Undergrad: 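What follows is a structure written as structure tokens; I'll ask about it next.
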Amino acid sequence: MHALFEEAGKFLAGRILSEADTSAQVELDSGKRVKVKAANILLKFDKPAPAELIAQGQALAAEIDLDLAWEFAPEEEFGFVDLARDYFSDNASLPQQAGALFALYEAPHYFRRAGKGRFKKAPAEILQQALAAIEKKKQIQAQIEAWGQELQAGQCPAAIREQLYKILFRPDKNAPEYKAVVEASRASKTAPLELLHRAGAIDSAYQFHWKRFLFDNFPKGTQFPPLTAPQPPADLPLADVQAFSIDDSATTEIDDALSVRGLGTGTVTVGIHIAAPGLAITPGGDLDKLGRTRLSTVYMPGYKITMLPDEVVQIYTLDEGRANPAVSLYVTVDEASLETTSSQTLLERVPVQHNFRHDKLDHIVTEDWLADPSISVENTPEALLGKRAELMFLQRWARHLKGRREEVRGKPENFSRPDYSFRLVGNDGNEPDGSERVEISTRKRGAPLDLIVAEAAIVANSTWGNWLSDLGVPGIYRSQASLAPGIKVRMSTKALPHAGIGVKSYAWATSPLRRYVDLVNQWQIIACARHGQTAALAAPFKPKDAELFGIISSFDGAYSAYNGYQAGMERFWTLKYLQQNNITEIDAAVIKDSMDGGFLVRADNLPLVLPVLGAQNMPRGARVRVRLGEIDEISLDVTGALVARLDDPEDRSDDAPVSEEDDDQAVAGPLAIAVDMNEAEPPAADTPKD
């Protein structure tokens with residue numbers, strides 16, 4: 001005697017070895033013996049053989065017209081044998097009965113399961129909905145297959161092109177566009193990114209990076225909504241200074257300016273003047289909401305996305321020839337010792353006499369030019385000559401401040417590596433398309449004008465940070481517990497030391513037109529300037545205000561993403577520079593010597609870090625010549641091969657300097673995408689359940 005039974009959703013058949021009231025021992029064709037509950041046994045038979053019955057039943061099940069079977073089925077609950085007799089004949093054979101069972105079981109949209117071997121037909125309305133869903137699924141699958149074939153043939157369907165960034169980086173894995181890419185990749189045994197590139201979905205590497213950034217950070221575009229720019233207060237006093245700013249030529253958001261009074265009197269007053277949008281933009285207003293959404297200006301070679309609309313920036317930027325609102329920190333300095341004796345913060349309008357551009361003046365304003373008034377440089381602007389004495393004092397003061405900070409740090413700051421500037425020829429500030437010719441120039445870090453501006457900003461940020469803390473007014477601070485390896489700078493609402501800078505506390509407040517946290521801190525500083533000891537009661541943000549923590553979290557994420565994009569685009573244009581100038585070899589310094597199968601180098605004259613293949617061990621600081629390999633503009637990757645070692649292995653004096661910054665250098669690699677080729681097929685959403 002044989003038995004057909006159901007086990008874990010499958011139909012099996014075998015020879016009955018023994019049988020009790022509630023169960024039976026059954027031997028399968030494989031020889032395996034299983035214990036089967038009596039309730040799970042659906043048919044008992046002598047002939048045919050178990051495997052033959054299942055094969056015949058499956059063949060008959062495939063031939064059953066489900067629409068006709070549904071019409072025949074009674075309205076009340078029924079068994080599969082009943083349906084077999086109605087559909088085939090009153091004397092339905094065992095294979096026909098098994099066929100009816102299999103057909104009913106595999107058609108849950110027609111027949112609901114009501115128990116072991118028992119069923120009830122679905123209502124007509126539900127059946128039609130289920131059939132419509134099945135037909136829709138068939139059409140979708142046909143579309144997936146058609147799109148997949150197009151991709152394999154090197155053509156990108158419009159629907160996939162339109163959703164390219166969503167498919168790659170934030171996919172709906174049930175969407176047909178995503179499934180088409182996965183299926184085509186599997187069928188062609190090609191990585192998804194390569195498949196899409198070959199199919200023309202990515203026709204411009206630059207646009208790929210740009211649109212991906214917008215997809216992640218500006219999904220609604222970069223245009224500003226129509227907003228009314230608030231005017232500054234009309235009753236601000238006019239400062240008795242002639243200030244000047246120092247920025248590069250591309251800067252339009254001029255946040256800071258300097259002034260010097262009292263030279264030759266023994267007591268000098270240095271004014272650090274910061275543009276004051278916080279005097280008109282109100283917390284919670286439309287412009288505040290806009291700033292809190294963007295959180296920072298985004299910089300990239302040849303272009304930028306500003307945090308605030310240009311019409312707002314133009315009201316508050318410290319343009320020459322105007323007297324715009326400012327939060328001014330006046331620092332009184334002993335002219336001989338350069339020690340600070342007092343400071344004062346005022347809200348006022350500051351006349352700006354000149355906007356100096358360091359990229360046009362660095363060749364003039366050198367350390368020698370500032371140290372020796374007799375040195376003259378051809379074509380020096382009269383405006384610069386008029387500020388020479390002030391710049392001479394400011395450089396002396398800046399060097400003094402830097403020395404004091406380095407005493408606190410415990411070691412000097414390292415400016416051995418240059419800064420690099422990118423210029424896209426003919427771009428004129430318009431959105432690049434990736435075809436522009438790029439020029440890369442170097443600028444020594446810590447140049448006199450840089451040092452003056454940097455030290456003045458540190459004075460303002462640390463002085464105001466301490467002041468906020470002293471008055472019990474919360475702010476947003478940057479701190480670093482120590483210079484030990486792995487100790488990073490973090491943001492918080494506590495006035496903690498910044499070991500990397502060497503100050504007691506440090507609150508970003510000098511770029512309120514470009515960074516939202518600076519604008520927040522400016523609101524708090526304005527409250528201190530207006531209310532003094534009672535500022536904590538009047539400041540927009542109160543102690544332990546949860547809103548500040550939310551701002552820090554949002555800013556950290558956005559600022560990191562923006563800086564990452566800037567670094568990526570600088571690498572893109574560096575790779576373009578190599579291509580445009582047919583550079584195939586570079587000189588470089590080894591910065592990591594323990595990479596698998598090679599080492600990491602930093603180019604001598606370009607902002608480029610890349611891996612070099614080669615089994616030869618190279619110590620940090622070794623100088624090498626490298627032959628460049630193929631450039632991948634999508635992954636921003638390039639590798640190199642060692643050509644020669646340029647320094648003397650026995651003489652460490654000619655090694656290249658390697659700094660702590662090099663320890664954090666990374667190279668591009670395979671682009672991380674969200675298309676998972678190993679992921680199992682998700683279950684169909686319209687499959688009915690028991």
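If you're wondering where the values come from, they're calculated on a predicted model, not measured in any experiment.
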Undergrad: With a 6.0 Å cut-off (strictly less than), is the heavy-atom count around CZ of Arg161, excluding the residue itself, greater than 12?
TA: yes

Undergrad: Taking the side chain as every heavy atom from C-beta outward, state whether Glu390 and Leu258 have any pair of such atoms under 4.5 Å apart.
TA: no

Undergrad: Can you confirm whether Leu628 sits close enough to Leu610 that some side-chain heavy atom of one is under 4.5 Å from a side-chain heavy atom of the other?
TA: yes

Undergrad: Taking only Lys NZ, Arg NE, NH1 and NH2, and the carboxylate oxygens of Asp or Glu, determine whether Glu339 and Arg404 approach each other closer than 4.0 Å.
TA: yes

Undergrad: Within the side chain of Asp372, is there an N or O that forms a donor-acceptor pair under 3.5 Å with the backbone of Asp368?
TA: no

Undergrad: Please test Trp369 against Arg388 for side chain to side chain contact (heavy atoms under 4.5 Å, CB included), starting from the C-alpha separation and ending with a verdict.
TA: CA-CA 9 Å; Trp369 187 84; Arg388 186 171 188 172; 3.4 Å; yes

Undergrad: Just by distance, no angles: are the side chains of Glu633 and His209 close enough, under 3.5 Å, to form a donor-acceptor pair?
TA: no

Undergrad: Starting at OG1 of Thr574, measure out to CD1 of Ile440 and round the result to the nearest 0.5 Å.
TA: 4.0 Å

Undergrad: I'd like to know if the side chain of Arg602 and the backbone of Val609 have a donor-acceptor N/O pair within less than 3.5 Å.
TA: no

Undergrad: So do Leu606 and Leu578 actually touch side chain to side chain, heavy atoms under 4.5 Å?
TA: yes

Undergrad: Could you tell me whether the side chain of Arg405 and the main chain of Ile501 form a donor-acceptor pair under 3.5 Å?
TA: yes

Undergrad: Do Asp359 and Arg443 sit within salt-bridge range, that is, some charged N less than 4.0 Å from a carboxylate O?
TA: no

Undergrad: Do the side chain of Ser511 and the main chain of Arg514 share a donor and acceptor less than 3.5 angstrom apart?
TA: no

Undergrad: Applying side chain to side chain contact (heavy atoms under 4.5 Å, CB included) to Thr510 and Asp255, what does each step give before you reach the verdict?
TA: CA-CA 7 Å; Thr510 53; Asp255 286 295; over 6 Å; no

Undergrad: Checking Glu436 side chain against Leu424 main chain: does a donor-acceptor pair fall under 3.5 Å?
TA: no

Undergrad: For this output row, return yes or no: ring centroids of Tyr565 and Tyr299 closer than 6.0 angstrom.
TA: no

Undergrad: Can you confirm whether Asn355 sits close enough to Asp247 that some side-chain heavy atom of one is under 4.5 Å from a side-chain heavy atom of the other?
TA: no

Undergrad: So which atom in Gly434 and which in Lys576 form the shortest heavy-atom distance, rounded to 0.1 Å?
TA: O-CE, 3.5 Å

Undergrad: Starting from the C-alpha separation in whole Å, work towards a yes-or-no answer on side chain to side chain contact (heavy atoms under 4.5 Å, CB included) for Ser245 and Leu318.
TA: CA-CA 8 Å; Ser245 66; Leu318 300 180; 5.6 Å; no

Undergrad: Locate the shortest heavy-atom distance separating Ile487 from Ala481; write the atom from each residue and the value.
TA: CG2-N, 3.9 Å

Undergrad: Closer than 3.5 angstrom, by distance alone: can the side chain of Arg212 be matched with the main-chain N or O of Phe215 as a donor-acceptor pair?
TA: no

Undergrad: Any idea how Tyr206 and Trp573 line up, ring-wise: parallel (<30°), tilted (30 to 60°), or perpendicular (>60°)?
TA: tilted

Undergrad: Is it the case that over 12 heavy atoms from other parts of the model lie below 6.0 angstrom from the CD atom of Glu431?
TA: yes

Undergrad: So which heavy atom on Ser188 is nearest to which on Leu195, and how close?
TA: OG-CD1, 3.8 Å

Undergrad: Cut-off 3.5 Å, side chains only: do Ser435 and Asp433 have a donor facing an acceptor?
TA: yes

Undergrad: Tell me, do Tyr165 and Asp216 make a side-chain contact under 4.5 Å, heavy atoms counted?
TA: no

Undergrad: Identify the two heavy atoms, one from Val438 and one from Gln580, that lie closest to each other, and give their separation to 0.1 Å.
TA: N-OE1, 3.1 Å

Undergrad: Taking side chain as C-beta onward, heavy atoms only, is Ile272 less than 4.5 Å from Val459?
TA: yes

Undergrad: Can you see whether Asp248 engages Thr251 through a side-chain donor-acceptor pair at a distance of less than 3.5 angstrom?
TA: yes

Undergrad: Counting heavy atoms not belonging to Lys304, are there more than 12 under 6.0 Å from its NZ?
TA: yes

Undergrad: Show the nearest heavy-atom pair for residues Ile634 and Phe208, with the distance to one decimal.
TA: CG2-CE2, 3.9 Å

Undergrad: Looking at every heavy atom in both His354 and Ala383, which two are closest together, and how far apart are they?
TA: CE1-CB, 3.2 Å

Undergrad: Would you check if Trp508 and Arg515 make a side-chain contact, meaning some heavy-atom pair closer than 4.5 Å?
TA: yes

Undergrad: Checking Thr317 side chain against Val313 main chain: does a donor-acceptor pair fall under 3.5 Å?
TA: no

Undergrad: With rounding to the nearest 0.5 Å, note down the distance linking CD in Gln163 to CZ in Arg170.
TA: 13.0 Å

Undergrad: Got a second to check how far Asn461's CG is from Trp464's CH2, nearest 0.5 Å?
TA: 8.0 Å

Undergrad: Distance-only, no hydrogens or angles: does the Arg423 side chain make a donor-acceptor pair with backbone N or O of Val425 under 3.5 Å?
TA: no

Undergrad: Just by distance, do the side chain of Arg294 and the backbone of Ala558 share a donor-acceptor pair under 3.5 Å?
TA: no

Undergrad: Within the structure provided, determine whether Val333 and Phe393 are in side-chain contact (heavy-atom separation under 4.5 Å).
TA: yes

Undergrad: Calculate, to the nearest 0.5 Å, the distance between atoms OG1 and CZ belonging to Thr306 and Phe224 respectively.
TA: 3.5 Å

Undergrad: Starting at CG of Asp310, measure out to OG1 of Thr252 and round the result to the nearest 0.5 Å.
TA: 6.5 Å

Undergrad: With a 6.0 Å cut-off (strictly less than), is the heavy-atom count around CZ of Arg625, excluding the residue itself, greater than 12?
TA: no

Undergrad: Run Gln395 and Glu367 through side chain to side chain contact (heavy atoms under 4.5 Å, CB included) and show every step you take.
TA: CA-CA 9 Å; Gln395 196 219 17; Glu367 292 187 4; 3.6 Å; yes

Undergrad: Between Trp210 and Phe218, is the ring centroid distance below 6.0 Å?
TA: no

Undergrad: Measure the CZ-CG distance between Arg399 and Leu401 for me, rounded to the nearest 0.5 Å.
TA: 12.5 Å

